[in-house]
Amino acid sequence: MTPLSKMQTMLFETQASLSPQAFVDRIIGHSQQDSSLKPAKACGFGAAPVNIALSKYWGKRETTLNLPINSSVSISLPGLGTQTELSLTEGQQDQIVLNDQLLEPHHPFAKRLSGFLDYFRLNDHTMFHVDTLNSVPTAAGLASSASGYAALVLALNDLFQWQLQPKKLSLLARLGSGSASRSLYPGFAIWHKGERDDGMDSYAEAIETSWPELCIGLLKIDIGEKSVGSTAGMQQTVNTCELYQTWPQQAEKDVLKIQQAITNKDFTLLGETAEHNALSMHATMIATWPPILYWQPESVAAMHTIWQLRQQGVTVYFTMDAGPNLKLLFLETQKPAIEQAFAELEVIQPFKQS
Ligand code: 2P0
């Protein structure tokens, strides 16, 4: 670690005051005497949507409890997400089925999922059968870990019949994957970064509103596996990027602007803030060493097309996550012009679809 990274890491890091197991036990109210980890039915079910951050989560202040450096705001996409069935099974290990394929136990997806399920085993013999269906390409920058861990937590809640409130479900989902904390909700959600060392105030809540004219266009540039995962990418950014020092302040300001834009249905403020926020996040990734550049030439070409459209009076903005794909933001009135410019665009109206 270079002197910069040591100094930088110290600036942001906090110490967890709970272990992840103690965190989970506190939320589900588990103790040796109770039955919170005995299944109440044969099979639990959970379904959750993917979400797109309008003001991004990028950087952790604590990694064991998965605590973010900054708050974030998202919009969920109905019809795209994860459905998960969960039951207990016999055997030496979990059985993880992803999109109808049984994964090897050492598969990275299976290992991470089993690691999370470790917090919910009654004893060493408790093994889970997880059958999960994704309607988005896994690890393609379309936030499948968000819908995945949200659906899994809902399936756990159903299997064990905890009847947890959304805030507690969001806390549990956050432990699995930060962005999953926001996928518990349809529509807009805000994930409060929280201040506490036990992580109990770092959860997402719904922003109750509807915006039927709002459109999200998914522009798929490349749906292959990305070279650097988000978890590693954000750690590398926090550790080596000097520009990152200004990110937390901008992120908190952007959260406020996005909230204001949603309240006032101010689309220009929403679009400008979201695009600026995404590009600022990517600037920190690019200024990381070794550099992390998720963009492909086609991503940059699409940005230029969007900026040209804006010059021609078409109100369209974009956001991007840890991948080369763009998510376009526009209102329904602009849909024909945008579909003409991007023939392959998949358009979703989050508040109009069931
Ligand atoms: C977001 N991303 O706010 C940002 C923008 C990617 C870029 O949340 O380590 O998969 O599991 O907490 O949630 C992706 O990060 O990371 C993400 P972990 P996660 O949507």
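Start at 1 with the first residue, then count along the sequence. Whatever order the structure lists them in is the order used to number ligands and atoms, beginning at 1.
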For [X], take its heavy atoms, then give the atoms of ligand 1 lying under 4.0 Å from any of them.
X: Met234; answer: 15 (O), 16 (O)
X: Ser145; answer: 10 (O)
X: Ala53; answer: 1 (C), 3 (O), 20 (O)

Which part of [X] is near ligand 1, with near meaning a heavy atom under 4.0 Å away: side chain, backbone, both or neither?
X: Asn66; value: side chain
X: Ser179; value: both
X: Arg182; value: side chain
X: Met285; value: neither

- Message: Could you check whether Tyr149 and Phe116 have their ring centres less than 6.0 Å apart?
- Response: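 Under 6.0 Å, so yes.
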
- Query: Under 6.0 Å between the ring centres of Tyr57 and Trp191?
  - Reply: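 Aromatic pair counts; centres sit under 6.0 Å.
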
- Message: Pair Arg182, Ser72 - check side chain to side chain donor-acceptor pair (under 3.5 Å), show working.
- Response: CA-CA 9 Å; Arg182 304 182 307 232; Ser72 53; 2.8 Å; yes

- What heavy-atom pair brings Ile52 and Asp321 nearest, and what distance separates the two atoms?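 Distance-wise, the nearest heavy atoms are CG2-OD2, 4.2 Å.
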
- Message: Judged on heavy-atom distance to atom 19 (P) of ligand 1, which of Ser177, Gly59, Ala173, Gly323 sits nearest?
- Response: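 Nearest heavy atom to atom 19 (P) of ligand 1 lies in Ser177.
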
Under 3.5 Å between some N or O of ligand 1 and some N or O of [X]?
X: Arg112; result: yes
X: Ser55; result: no
X: Gly178; result: yes

- Task: List for me each residue that meets side-chain contact (heavy atoms from CB on, under 4.5 Å) alongside Thr284, sequence neighbours excluded, and say none if there are none.
- Result: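 Checked Thr284 against side-chain contact (heavy atoms from CB on, under 4.5 Å); matches are Trp58, Thr237, Cys241, Tyr244, Trp247.
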
Can you tell if the side chain of [X] reaches within under 4.5 Å of the side chain of [Y], non-hydrogen atoms only?
X: Lys56; Y: Thr319; value: yes
X: Leu279; Y: Asn277; value: no
X: Gln259; Y: Ile190; value: yes

- Task: Verify whether one side chain among Ser17 and Gln15 offers a donor that lies under 3.5 Å from an acceptor in the other.
- Result: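 No - no donor-acceptor pair under 3.5 Å links their side chains.
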
Does [X] come within less than 4.0 Å of ligand 1, judged by its heavy atoms?
X: Ser72; value: no
X: Ala146; value: no
X: Lys60; value: yes

